[in-house]
Every structure is written in C-alpha cells, then in structure tokens.
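Some notes on the structure that comes next.
Not measured: the values here are computed from a predicted model. All chains are named by letter (A, B, ...) in the order of the sequence lines, taking the proteins before the strands, and each is independently numbered beginning at 1.
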Amino acid sequence: MDLTFTEEERAFRREARLWLEANVPPGPHPSGDTADGFDFCRRWERELFDARWAVVSWPERYGGRGASLVEWLIFEEEYYRAGAPQRVSQNGIFLLAPTLFELGTEEQKERILPAMAAARALWAQGWSEPGAGSDLAALRSRAVRDEARGGWLLTGQKTWCTRAAFCDHLFGLFRTGTGKEHARHKGLTYFFVDLRAPGVTVRPVGRLDGDAGFADVVLEDVFVPDGDVLGRVHEGWSVAMSTTSSERGLSLRSPGRFLATAERLVALYRRERERGAGVACRERVVDALLDAEAYRLHTFQTVSKMAEAGAKMGAESSLNKIFWSEMDLAMHETALALLGPSAPLVEGPDGAWMKGFEFALAGPIYAGTNEIQRNIVAERLLGLPRK
Amino acid sequence: MDLTFTEEERAFRREARLWLEANVPPGPHPSGDTADGFDFCRRWERELFDARWAVVSWPERYGGRGASLVEWLIFEEEYYRAGAPQRVSQNGIFLLAPTLFELGTEEQKERILPAMAAARALWAQGWSEPGAGSDLAALRSRAVRDEARGGWLLTGQKTWCTRAAFCDHLFGLFRTGTGKEHARHKGLTYFFVDLRAPGVTVRPVGRLDGDAGFADVVLEDVFVPDGDVLGRVHEGWSVAMSTTSSERGLSLRSPGRFLATAERLVALYRRERERGAGVACRERVVDALLDAEAYRLHTFQTVSKMAEAGAKMGAESSLNKIFWSEMDLAMHETALALLGPSAPLVEGPDGAWMKGFEFALAGPIYAGTNEIQRNIVAERLLGLPRK
Amino acid sequence: MRFAFTEEQLAFRDATRAMLARICPATAVRTAWDPASSGRDPARWKVLADAGIVGLLVDEAQGGLGRRVIDLVLLIEEAGRAALPEPLVETALVAAPLLAATGSPTANEWLARIVSGDATITTSLDGEPLVADAHVADRIIVQARDTMLLVDPRECSVVHQPTVDGARRIFTLGSDPRGLALTPGDPARGLAARAFDHGALGVAAMQLGLAARMIDLAVAHVSTREQFGQPVGSFQAVKHHLADALLALELARPLVYRAACSLSHDRVHAALHVSMARARADQAAGIAARKSLQCHGAIGYSFEYDLHLFMKRSWALSSAFGTTSFHRDRVGVVCLDGDSPPPDPFGEP
Amino acid sequence: MRFAFTEEQLAFRDATRAMLARICPATAVRTAWDPASSGRDPARWKVLADAGIVGLLVDEAQGGLGRRVIDLVLLIEEAGRAALPEPLVETALVAAPLLAATGSPTANEWLARIVSGDATITTSLDGEPLVADAHVADRIIVQARDTMLLVDPRECSVVHQPTVDGARRIFTLGSDPRGLALTPGDPARGLAARAFDHGALGVAAMQLGLAARMIDLAVAHVSTREQFGQPVGSFQAVKHHLADALLALELARPLVYRAACSLSHDRVHAALHVSMARARADQAAGIAARKSLQCHGAIGYSFEYDLHLFMKRSWALSSAFGTTSFHRDRVGVVCLDGDSPPPDPFGEP
C-alpha cells in the first residue's frame, strides 16, 4: 500500500493543473442544459480535445493519452478544482464509450470514438420510456427488420434524454424480439440513432430547475443501418448493463466533483462563521468533509483493485451511486442552511447553491433510483433472497 | 380550543403530585424485570391501588376514579415527573383491560379487573411464538375442545412474554379452528391462562440488557374453562386487535415518560456544557425537546378528539408507536453522546442512561416492528395499495 | 383542556379549501410564475377578501371579523395547500394586526382597505431584509430598530431578487426609505417582534398545507404508476418514504396549532411556541418534498408536472420570518443556553 | 498510488480469521462475561503471540516481526470480528510501540515479554481515565502530563467499573500511582499523543470487524427466518436496512486503512486521519448494531443469542481512546475552526 502519488502521477497533475489554470474560461459558465450554454460547452470540449484532455484514459489513437485510472482520477480532481465548465460530452464518454470499447466493432470504434472525443458528435442516452423508468426492462420501443435496406426501422418514445434537444446522436435499447421468449430483458437490441434522421422528433421537456436540456425523443419508422447496432441483436440488455454499471458507479461521478463541493462548503462555513451564523451546521460540514474524503479514498481503493485484478465494477457500483448521490444532496442542504435568509435566491454569487441543490435532488432518482440500488446491494453484495 | 387546564384538572394534578411526592420511595428502584424488583414493584402497585391511583381512568367500582383521558394523562405526567417505580401491572392494565372493558362479560370484569388493579393478579402477554413474531397470524399454539369439563386444552409455546417469570396470568391467542377456512387470522380464540395451572412451564429468557423478566411459556394440555375465553370463540383476532392498537398507540407509552426523559436530558446537557462538552449535541437536545413537546400535544389532540367524537384509535396508533419508539431511542443516544467517556458504564448515577438505551432499542421491535407499523400507516392512513 | 378546533373553524377551513381549489388550482400557480406578469390576481384576492379571510383579524369596527390567530391558522394552511401566490400571511396575519397595534391615526384607514381587498401590505422587519411582493404592495411597513414607517414602494427603490420559486416575488429595498411614521420610539421593537412571530407562524401553517399537498400528489402518483408489473406504491420502500412524510406532518401539526393558540392569547411562551412550530413544520415540508419527489421518480422532476410548484414554495418560505435554523436556535436559547430553567415541561401546554 | 494490501497481508488476515474462529468463537466471548473469572484466556493469548500478532510491531531485535501499523490493521479488524476479549489493541498497538519509543532501559525487557505472550500491558493516558484490563495486566503505562510511569497494578488501587460489555473490563486507578519513570520531561506528551492515535486507530479497526460480524449475523438470520410465508430478508425494508449498514461499513474501511498507512509513515496529518477513521468506523458499527438488531427482531434482543456480544463491544469501544464525538470534533478543529487552510483536499490522500 502506497498512498503517495508517483513522480509520473505528480507530473501528470502538474501538467493538467497548469493547462486548466491557463485555459478555463472565467466563470460563471452558462448551463450546458440551455441552448446557448450547450454551444459554449461544445466549444470548450473542442479546446479540451485539441489539448488532449478530453479523454485522457483513452488510447492515443482515439484522442486520449492512455492514462491510468489513477491519472484519470487526478485529471478529474484538477478539472473540478479549476471550476471548469460542465461536460456536455459526458453521456457519450462515460456511458457509451466504455461499452463501445468492450463490444464495438473496430469500424464502430474508429467512426464514433474520435468524433465523440472531439465533440464533433455529441451523444444523448435513450434509456427511459414513459412506461419504463426504474423498470427499464418494461420498455416498448421497437425495431422492425428492414432486410431490403440492411437495417432496422425504429418506432417508439424515449424520455428524460439528457440534452437530447441539442445532441447529435442517441444510444438506447429497442425491442427486436417479439415472441414470448423475448419478454422483458430478452429480445432487446442496442442501437445508435442519428437525431437528425427522418422520423425523429425531439421535444424538449422542462426540468424542475428550469433548464430545458431534457427531451422526449419520438421515433417513427426511423431507419438505422446494421452498422449501428452495438453488440448482438436481441442481446442489448447485457450490452447495456455494462454501461449502466458505469453510470451508477465509478465514472459518472468521480470524487473530484465532491472534493470541490466540500471545499466550497468549507469556505462558505468559514464566511458564515464570521457573520456569527453556522455553528449549528458545523457537524454537517464535518460530515461533508468525511463523505468527500471517504468517497475519494474508496475510489482509489477501487481503481487499485481494478488495475491489479483487472476486476470490473459489479454491484459495488450501486454502493457508489447511493453514496455520491446522497452525499451531494446533503452537502447542498448544508450549504442552504448556512446561507440562511438568502438560501432561496438563485442569482448572485450564492445562487449556485440552490441551483446545485435542485440538480442534486435528481441524483437519487436517475441512473436507477436509490431504492433499486439498495435492492441490488442487498441481493448481490449481501446475498439476500430476491422476492 | 382551550389549551389551559380546567380548575378540576389542576386540582387533580395537585392531588396526584402531593401524593406522589409523599409516597414515591427514594430511588434508584430495582428493575421490575428481576425477581426482587418485581416484588418491590408489586408492593408499590398495592400502595398505588390503596390510594386509588392505580387505574385512575377506570370506573370507581373497579378501583378507579372515573378520571377523564386528560386527567389520566396528567396523572401519567406526574407519575414520571416523580420518578416513581416501573409499573409491572402495565400489560394487564394497558393491554388486557381495555379489551376486557369492551368485550368481557360482567362476570369476567368483576373477577379480573379489581384483582388486576390491586396487583393481586399480575398479567403477562402471550402474543409471540417462536415462529410468529411480526407475523402474529402465523401462530400455531392450539386449543382443543374439552366438552366434558366445559373448556379447552391449550398446547404450544409462547415467547417474549414480558415478566411472565413472575406474573400470575397470561392472556393470548390460540388456534381453535383447524379447517382451511380457519387459516391465519381466522379460527383464533383469546384465552386467559393461569400460569400456575398444571401443564404450564415458564422458562425465563435473558434479555439483552441482562434482566431476566422475559420468559417462554410452554403449555401442554393446559385446561382453561369456558369462562376464561374473551369474546367469541374463533374470533380472537379481532378481539386482540383492539388490544394491540392500545399497545401501539395511546396508552402504553404516554407522553409523561418522554417529558421526564427530555427533562433529564436537558439537565445532563447543562451539566456537560459546564464541563465544556456537549456543544455538538445541542441540536440533538433541541430535537429531543421538540419531540417530547410534539408527542405531548399530539396526544392531547388525540384525546380531545376521542372525548368529543367517541372515536377510537385506529391506524393512527401506528404513527404514535413509530414516533415514541424512535424518539426514545434518539434521546438515549443523545444522552450517551453527552456522557462521553463514561457512556458505557452501567452503574453509578449516569449508568441508567445506558440501561435505558438498551431498553429503548426494543421499542422499534416490540408491539409490531416499526416496519410493520409503517406499512400500516401507508396502507390505512394514506391508502397505498397492499401488495 | 380541549385541543380541538370548533365545528365552525373546521367548516370555514373546508369552505376555504373548496374555494381555493376553484380559484387557485395548480395552473393558476403556474401562471404566477410568468416573469412578464406581476404574478398576482386581484380578482382572486378580492374573493378571499369577500370571504372575510383577508380581514379576519381586523376589528369589526374596521369591517373585519375581529377573530384571532387560531381562527386563521387553518385557512393559512389551506393557502399553503393551494400554494396561493398572493401575500395572505404578510397582509392578513402580519400587517393587519401590526397596523392595528400601532394605534396610528392612518391605521384604521388602511385596515379598512385591507378588509375590502383593496390593499395588500407587506413588511420589512429588522433582520428580515427581503420584502415580499414589493412590486404590487400598496404599502410596506418598514421597521428599523425603534422606527416604523409606512412606505409607498413606488417611492423607494425596490430591486427584484429572483428566488427558486418563480411565484414568490422577493425584493430588497433601497436604504433609508421614507414614509409615514407609525409609532414613535420604543414600542416599535415590541410590535415588530410580535409581527415577526405572526409571520413565522403563518409560514409554519403554509408549510403544513404544502406538505399535505405534496404527500397527496405522491400518493395519487404511486397508486396508479406501475413498474415491475405492480403499482409503485405497493413497494415497501415507497410506503415507508410516504409514511415518514406523514409522520413528520402529523406530529408537526399540533405544534403549529398550539403556537396559534398561544399567539391568540398572548401567552408568555408564545415566541418559543412559534419557533417550535416553525422548526417542525419546515422540517415536515422538507421531508414531504424530498420523499414525494423520490416517490415520483423522474416524473416529479419535470417542470410540466405540478409537484415542483409546491416544493419550491416550501423551500422559499423556509427562509421567511426567520430561517428554520434561526427558530431551532431560538428553542435552544430559551430552553438550554441560559441558567434559568426552561418552561415547565409538565405545565400548561 | 496503490491503495491495496499485499498478498501477504491478506493471507495473514485470512489465517488470523481462521485462527480466531477456532480459538475465539462466540461461546468464548460469552465465557469472558463471567464476573467470577478474569474473563481472559492466557492460552488464547499465547496462540496469538506465537502467531506473531502480539509482537508484530516490536523490533526484530526484541523478537518481534518489526512490522508497521498497516500490517496489523487487518488483524485487529479480525479481532473485532471475533470480539476478542484480550487487550490486543492496548498491548500490541499502543503499549509496545510506546515502550519502544521511550528508549527506556527496561523497555526492551518488557517488549520481549510482550512478544512471547508472557505480558500484557495497557495504558492510562491523560484524558483517558479508564484503564482496560487492569485486573490482569502485568503493567500499566500511566501518563500524566510530562511524566510516564510503568506501574504494577497490584501496587496501586484499581477499581472495577462495570460497563455494558461484560467481557470488557474497565478500571479506574487510585490517584498518584507510583512506578518506574519511563521518560523524563517533555517527550512524554508527544509519545502519549502518538499512543493515543494508535489506540484510536485500533478501536476503528475493531469497529470494522464488529460491524462486519453483526451484518453477517443479520444476513444469516433474515435469509432463513420466515414471516408471512417468505424469508424476512426478502422484504424491501429489511434489504434496505442491511444495505445501509454495508454502505456505512464499506465507506468507512478506506478511511481506517488510510489512517493505518499514515501512522505507519508518520505522515503530518496522521492524527486527523485517525480521527476521520474513528468518526466513520464508530458510526458504521453503530449503524450495523442498530440495523442488525432491528432485522433480527426480538430474537436479537435475547441474551442467549450472540448478536448482543458484538453490539455491546462496539458501544464500549466507542468511548475508548477518545469518544466518537471527540474525534469528530478534532476533524472540525483541524479543518474548520482555525484560520489556516485545512489539508489540501486535492493533495496526497
């Protein structure tokens, strides 16, 4: 066990820090869930890519640096430390790419990954449907074989597609099997959909926090060629599961984000302490520090294990997801308590806390509700009986 | 709405307070869950009865004062305020008696109630069985008809019978119906059992807190005459439900108990504050005060409603049970945090907190676990669908 | 000892609930979000005034109903259930009794206008720098230490401060506003303290109604929404979330009603009782928001669905007339910090 | 950066777990409750010593294995899993390094006896008035400000203070015990501070093992116990209770292992890291106790069932080498109270 960074890791951090300090545009940045903000973020993503910081852990030939997982975590820490803009490439990079690396064809990887990294093509996820939220296997959107054209015709409705109003592509599951043997988790196929293709209608859906990045995506006989199927036909569930495991676990919410929030919270505590307020919140700020520190160390522990044993994140990603989502919410609640009378304000220097609180409220819901995650922890990690 | 006490209520409180101040033996009192302590408590119960404080809300002819529910609450407050001994008559008075008043024959009431009030006969409850805890309807102890002797032969095992090692009688449910139509909640009958009757074996079971009041009661062909059936044969479930509703709700844990605990907690906080400790616990002590106050007011609200509308406690008793049991635990946890290094000690002036904590841990379990109670709240008060 | 509302009080509550369902459905609250509009509906306000609600606490001599806080608390709760955008707490529960108590010559004139629904008045008390509805209020009662002024907001600079709740409009006032002096010297502080407690109690009552509404929405949703082939509400985790929300609400209620009673009778511990009420009513609404949203899943997170209207009002109100933390702290100050004993826990409730 | 134990460390842990399952089953812990006995088993202690565990941190020159805290932490965790009654933390993790650090002439002699299993030594540090195992310890290291004495407990009055855990024996010492001076002057405080942190880390490791054991017991119970025609463990509320317990445990682990690492390398923030570890390990054990008991229902509440042996050890240990509150507070003191910035959150872990 060696909890000091290697000389290489330190050098990597220094390089990242210097570049970010020199290049991060001064804040506050517009939200990537608005049209203008999305454009701003897309331009920023391109700068990141040009400096080879967009996808540090990817192989160089796809635009990365072949960085280790520890280095990737270091980059993430520096990214949030620098207060850099929101990453609108996130769903592609963190949800789709790991699956593509594992199960995509060489042609797919070369076609999709560099464009994704360079923010030439931005991706939205298409998991949920109006009748299939936590119960993803209940999805009903279908794909019908179009043998003549060598592909599929997709029909149905996807909902809660993050930033789909602005993205270029969507990935998601569609029901290809129709027989009884294809109910629920069986007979699904993982597709890539061009959001500009004929038959696609994107309808923005307002979010609780007022931003409009969410969208419903309605598909009517949208043609998708065979080359845009990921993995095998009818086996989309197991293809998708490696992605949702990423979403829940390691990659979507790296510790750097929460270290940065905790640091801001400590600064807020100190400021309010001088005003004479906040004593009652001290215990909660201590908990925020403990949470952020525990999550950082836990993640280092996980990547050390993965690096050594080549292990994948399994049900442990559910533990992560419960922890970061509830930590994030608690930190923002504490900040609002510290802000006192000005907590409800959404503009000015402190307004970001209320916006952040609203966003944090979604954490225990998306990527599989925390109720589902606790079931998974109990059943898969503790071995409790399924119903 | 009038939140001041009437002149009669004040006079009642004064009288109770004066008598208790003059008569409560100096503490600490032995636990009623030990043999010696039980005898001590039984003698005390007799003193209470002789002064007509044992069962203030009962009619005078059974040994009470015909006091109102508000007066009963006032007596309870004064009782805990005075730090009077544990009431080993509790299970009879609070669990059996309300049912007996409602469903007992005149003969049963006259035979059982005065003796219970005078602590000549002390009662244990016999609900749980080894295979039937939260799932009370799974009980398997049986009663077989003995037509010749005009009664029933009881066989089976009851467990977690509070103080049964020292009590005289037990009340509980036994399966009298055997057909398919008598499964689960049906075909049960409510019996009184003499714990000295032939065929009864009482086996003390140690409790987590070291006291030995719990017992298993094993019955082998124990004869119980027809006169010791409460309510109708085969309808014991509905008979028992009015009792468990009392147990969960209003009567078993009156607010006085928690007001007294909160008062002790405040004193402990002030003492520890002077030692320089306890600042971090201030929020928790505030919560204890709020809890105790809320529970007191909520109870006054309930009895006002009951007095006016003649309403019975229904599923609301489940709300009460969740609240008082979790409040009690939180108060004791706070006290232990305040005690600091001496928290684990079980003797000396502060040792009562650890003992109280251990006892409080049982609260969310007995009388129907809080998980079951939350189901009841959700299904009966909010109308959520049963599975 | 009788801790129950009268038949009349309950009937007035039921009528108010029915009326608000008609004049202030969720769509109306949504309309009040429109930043291009004032977000206020004079016609709705007039209905409330005509029903006697706005002038409930005003003396009969000025055309009011001459009632007490305890008669108003259930109606404020209904306003919470409806997320009423208009400043009912500010005008009916804070400004009206404050005006009456100043004994100022102009007070009666304004009280009559409040009763008739022709005037809304809000307040800016010491330590409460944010003023509700300064964009529409006819007057603002501004207290600064020992002075209390009746200020015409059109004659001083008011700056809108956008909050999380688009229907709640909050403003800062320019420094040193000028207006008509209401009380000379010392009494101002005492009156302001009482007004502050009235406002805090009003917020507590609003929170009860908001919590109840959020729970209702969640119950309706989980009873019909199916996942895994069964209603979401049949899952134990969902049941327990909503049971927790109901528990917090039901145990907060009596604290709020008691505080209303204590204010009505000017009881010595009224301020403590108000703070106890706020501590738990704010908490109950916070739990109801959190649990209801969670039980809704992503649907509750969409702007088109109504839940957020109530959640956001609750968050916004948690900082009005003292924050939740302020009120919790005040309980500690009275009961823990001093060396004098706290109120007798076995005394009058 | 490599946050993982070595194969050898894991193998030593596995061997220790197997050994403790043999020499310290729950029945043995129950035996240690007997108030008529010392509650200690010299034969068991000898096995631990022979395995090299007791003397793990002692220099090879004195017969020990010359290892670091990071090599011991997993074994202490196993002692927690077994609720080992003997003073392993006190002797192996606190007294032995403290003795060695004093450089006192008699230290080596006692270190050799510790290694061989012939001596147990516990401590009484400033601010920690309660001494473990004074009834059986061969010596007690007593610190009072700048002095540190090696005291023979038979030569000073020790008074048993019964705790909730019958297997944990705690004593107060008579005032001004006499004994052999170990260090003159100032260094005593520094050494004692380090010993205190060693003890606190040991408690944290014990708590991890206790928590794991309690969760194991609950999982085993709810997987077989049936109510309402199905295993109790198939109810969602039960699943979520135990998931919460596991969550707390798994997120506490890395804090404890990091603290062990920091102590091993005398890192500048080692004391802070220890307090972070204690804050969360105590909490995890508390949650495991509460949730496991709840999932057991009444069965867990009986003295005959083993769960309480582990719960009570956990409660007793929460006050040893600083209370949970003390350690939480120390995190606040370092990171919040001063005006100097806290440790860089983006620095070395």
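Highest contact tally toward chain B, considering only Arg253(C), His265(C), Gln283(C), Glu250(C), is held by Glu250(C) [criterion: heavy-atom pairs under 4.5 Å]. When each of His298(B), Arg273(B), Arg270(B), Glu379(B) is scored by its heavy-atom pairs under 4.5 Å with chain C, the top score falls to Arg270(B). Looking only at heavy-atom pairs under 4.5 Å with chain C, the residue among Val377(B), Leu3(B), Val285(B), Leu259(B) that has the most is Leu3(B). When the candidates Arg10(B), Arg386(B), Arg296(B), Glu9(B) are compared by the number of heavy-atom contacts under 4.5 Å with chain C, Arg296(B) comes out ahead. Note on Ser223(C), Gly332(C), Pro342(C): by heavy-atom pairs under 4.5 Å with chain B, the leading option is Gly332(C). Most heavy-atom pairs under 4.5 Å with chain C: of the set Asn370(B), Val266(B), Leu382(B), Val286(B), this distinction falls to Leu382(B).
At a threshold of 4.0 Å, the pair Arg194(C)-Asp266(C) counts as salt-bridged, since one of the basic side-chain nitrogens sits closer than that to a carboxylate oxygen. Salt-bridge check for Arg282(B) with Asp287(B): failed, with every basic side-chain N at 4.0 Å or more from each acidic carboxylate O. The pair Arg13(B)-Glu78(B) meets the salt-bridge criterion, with a side-chain N (NZ, NE, NH1 or NH2) lying under 4.0 Å from an Asp/Glu carboxylate O. Salt-bridge formation is not detected for the pair Lys239(C)/Glu371(B): no Lys NZ or Arg NE/NH1/NH2 atom is positioned less than 4.0 Å from an Asp or Glu carboxylate oxygen.
Glu77(B) touches chain C through backbone and side chain together, each having a heavy atom under 4.5 Å away. Proximity to chain C (any heavy atom under 4.5 Å) is shown, for Ala260(B), by both the backbone and the side chain. The contact between Ile70(C) and chain B is made entirely by side chain atoms (from C-beta outward), counting heavy-atom distances below 4.5 Å. With a 4.5 Å cut-off on non-hydrogen atoms, Gln230(C) touches chain B through its side chain but not through its backbone. For Arg280(C), the part sitting under 4.5 Å from any heavy atom of chain B is the side chain, from C-beta outward, and nothing else. Neither the backbone nor the side chain of Val256(C) comes within less than 4.5 Å of any heavy atom of chain B. Interface remark: Arg81(B) contributes backbone and side-chain atoms alike to the contact with chain C (heavy atom separation under 4.5 Å). Heavy atoms of Pro231(C) lying under 4.5 Å from chain B belong exclusively to its side chain. Heavy atoms of Cys261(C) lying under 4.5 Å from chain B belong exclusively to its side chain. If you measure heavy-atom distances from Asp329(C) to chain B, the contacts under 4.5 Å come from both the backbone and the side chain. Of the atoms belonging to Ala4(C), heavy atoms from both backbone and side chain fall under 4.5 Å from chain B.
In this structure, Arg213(C) contributes its side chain and Arg81(C) its backbone to a donor-acceptor pair below 3.5 Å.
Using cut-offs of 30° and 60° for the angle between ring planes, the Tyr305(C) and His221(C) rings count as perpendicular. Ring orientation note: the planes of His327(C) and Phe196(C) are close to parallel, at an angle under 30° on the 30°/60° scale.
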Practice item. Before giving the answer on side-chain contact (heavy atoms from CB on, under 4.5 Å), spell out for Asp282(C) and Val203(C) the whole-Å C-alpha distance, their side-chain angles and the decisive distance to 0.1 Å. Key: CA-CA 8 Å; Asp282(C) 286 1; Val203(C) 167; 4.2 Å; yes
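Residues Met214(C) and Ser314(C) are in side-chain contact: their nearest non-hydrogen atoms beyond the backbone lie under 4.5 Å apart. You'll find the side chain of Trp353(B) reaches within 4.5 Å of the side chain of Leu268(B), heavy atoms only.
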